[in-house]
Amino acid sequence: MAQMGSVTGQEFSRGATRFAPSPSGEMHLGNARTALFNYLLARQAGERFVLRIEDTDAARTRSEYIEGLLADLRWLGLEWDAGPGREDALGPYCQSQRTAYYTDWLARLEDLGAVYPCFCTALELEASRRAQRAAGRPPRYAGTCRDLSAPQRARKRAQGIAATLRFRVPLGQRIEFTDLVHGPQGFLSDDIGDFVIRRADGSAAFFFCNAVDDASMGVSRVLRGEDHLANTPRQLLVLAALGLPVPSYGHVSLILGPDGAPLSKRHGAVSVREFRERGYRPEALLNYLFRLGHSSSNHALLGLPELAHAFDTGHLGRSSAHYDEQQLRVWQKAAVHQLTPQQTRGWLAALLPEGIAAAAADAFVAAVAPNLVLPQDAAPWVRIVFGGPPALESLDEQVVREAGPGFFAAAARAAAASASDPAAIMAAVRTASGRKGAQLYMPLRLALTGCRHGPELGPLLKALPAGEAERRLARFA
Ligand code: GLU
């Protein structure tokens with residue numbers, strides 16, 4: 001039998017949390033939050049954070065989704081202690097590579113009489129479910145194959161029907177556990193139909209491999225989506241039958257879109273990749289997700305060690321969390337503000353004109369960064385600063401004309417004489433025109449940028465290419 005014994009006592013007793021995604025799609029915000037919470041729980045308790053890829057369903061698994069998951073987790077900074085690329089004695093960490101373990105555990109269950117082959121076809125099962133619903137009963141496996149005799153089974157096999165393997169749920173039991181989020185839970189075993197633990201194609205099914213893997217990887221606490229709450233009693237039954245250790249489970253409320261429906265593609269960007277490609281910062285996403293369904297009195301932008309310190313399963317809400325991109329943008333703004341100039345330049349790199357000198361890039365970044373949430377917000381300012389004199393709308397042109405040629409002659413002269421020093425330009429125009437406040441800076445802003453609003457004028461003047469301020473101002477002299 002493949003040995004759970006290769007599990008070293010020391011590593012095992014340290015305890016672990018895990019993130020166990022099924023790679024059947026891109027990592028979305030809900031997965032990312034589950035990964036974050038488990039990571040934080042492990043870090044704050046000095047436990048291991050395990051990454052296990054649940055890829056037994058070959059038809060739904062794609063290798064690019066696995067690559068994507070790993071890349072997203074790394075981008076978020078949620079490095080795993082054990083998992084793909086960090087194998088150890090408790091691995092392998094992709095379920096598709098754990099067949100030998102499953103075969104052994106399934107054989108053990110067969111020896112115990114805890115499982116039986118089921119020959120029901122998909123069509124028969126559907127008909128049975130329909131009949132139960134029509135009779136007002138919740139659909140569950142009717143037990144058709146539970147007590148087949150050995151000759152009956154042999155006959156089915158001889159007919160070439162591929163059997164699934166079902167777990168024989170003991171009757172008349174009450175299954176209890178205390179959920180880390182929802183508190184005491186109780187289920188009647190009679191309400192749980194016998195469930196499939198090996199598919200007809202021979203692959204191990206979720207209830208079984210998820211549970212035995214947690215046990216054999218030393219996972220002591222599991223935070224996962226609330227949609228798995230009703231699966232837990234089944235998994236407890238499997239673990240009890242095999243005499244395996246049981247982790248503590250916490251089921252985290254689902255994330256809903258603004259319309260109250262479970263968050264999905266129709267609510268816009270939901271995959272971590274999309275947020276990354278739009279220029280969201282990992283710190284912003286982490287801080288937002290930390291507060292999505294988890295209350296915290298700390299409202300500062302926190303790094304992962306501080307988030308781990310502040311995380312508390314007692315603060316996980318029981319009701320659904322509502323996704324709100326505006327809130328995410330607030331965190332994004334905070335994250336962008338704390339970037340160094342060099343980081344901001346890297347963040348905007350794709351938008352900057354090709355071959356731009358480092359000093360020019362720095363001046364541009366210094367001018368526009370305070371107004372940015374996403375890199376795309378800088379695109380119009382790239383055009384305004386580097387794309388030649390802006391055209392003016394007629395009302396704006398009126399404002400400029402009212403200021404008069406003398407105003408702009410003084411401005412252009414001062415720009416030329418001072419290498420576009422903002423204070424020198426302001427002082428010269430103030431003296432020449434007697435204007436102040438908006439009367440002073442609005443005509444300047446319009447002549448220079450073509451916009452009434454935008455980044456501060458001083459840094460913008462410094463960001464304009466050499467001689468450009470004078471050229472733009474002289475147009476109206
Ligand atoms: N592979 C399962 C999922 O992605 C894992 C559930 C669990 O965390 O136990 O939903």
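Along the sequence shown, the residues carry numbers beginning at 1. Whatever order the structure lists them in is the order used to number ligands and atoms, beginning at 1. Excluded from the calculations below are hydrogen atoms, water molecules and symmetry mates; all remaining heavy atoms, backbone and side chain alike, are included.
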Open item on the list: Tell me every residue that passes side chain to side chain donor-acceptor pair (under 3.5 Å) with His251, counting only those two or more places apart in sequence or in another chain.
Closed with: Asp179, Arg224, Thr232

Task: Set of side chain to side chain contact (heavy atoms under 4.5 Å, CB included) partners for Val373, sequence neighbours left out - done: Arg329, Gln332, Lys333, Asp377

Open item on the list: Asn38: which residues meet the side chain to side chain donor-acceptor pair (under 3.5 Å) condition with it, sequence neighbours left out?
Closed with: none

Task: Over all atoms of both residues, closest heavy-atom pair of Thr56 and Cys209 - done: CG2-SG, 4.1 Å

Check each N or O atom of ligand 1 against all protein N or O atoms and list the pairs under 3.5 Å, with atom names and distances to 0.1 Å, one per line.
from, atom 1, to, atom 2, distance (Å)
ligand 1, 1 (N), Ala20, O, 2.8
ligand 1, 1 (N), Ser22, OG, 2.7
ligand 1, 1 (N), Glu54, OE1, 2.7
ligand 1, 4 (O), Ser22, N, 3.4
ligand 1, 4 (O), Ser22, OG, 3.4
ligand 1, 8 (O), Arg18, NH1, 2.6
ligand 1, 9 (O), Arg18, NH1, 3.2
ligand 1, 9 (O), Arg18, NH2, 2.8
ligand 1, 9 (O), Asn210, ND2, 3.0
ligand 1, 9 (O), Arg224, NH1, 2.8
ligand 1, 10 (O), His228, NE2, 2.8

Open item on the list: Tell me whether Arg278 forms a cation-pi arrangement with Tyr280, defined as NZ or CZ under 6.0 Å from the six-membered ring centre and within 45 degrees of its axis.
Closed with: no

Task: Approximate separation, where rounding is to 0.5 Å, of Arg18 CZ and Tyr93 OH - done: 13.0 Å

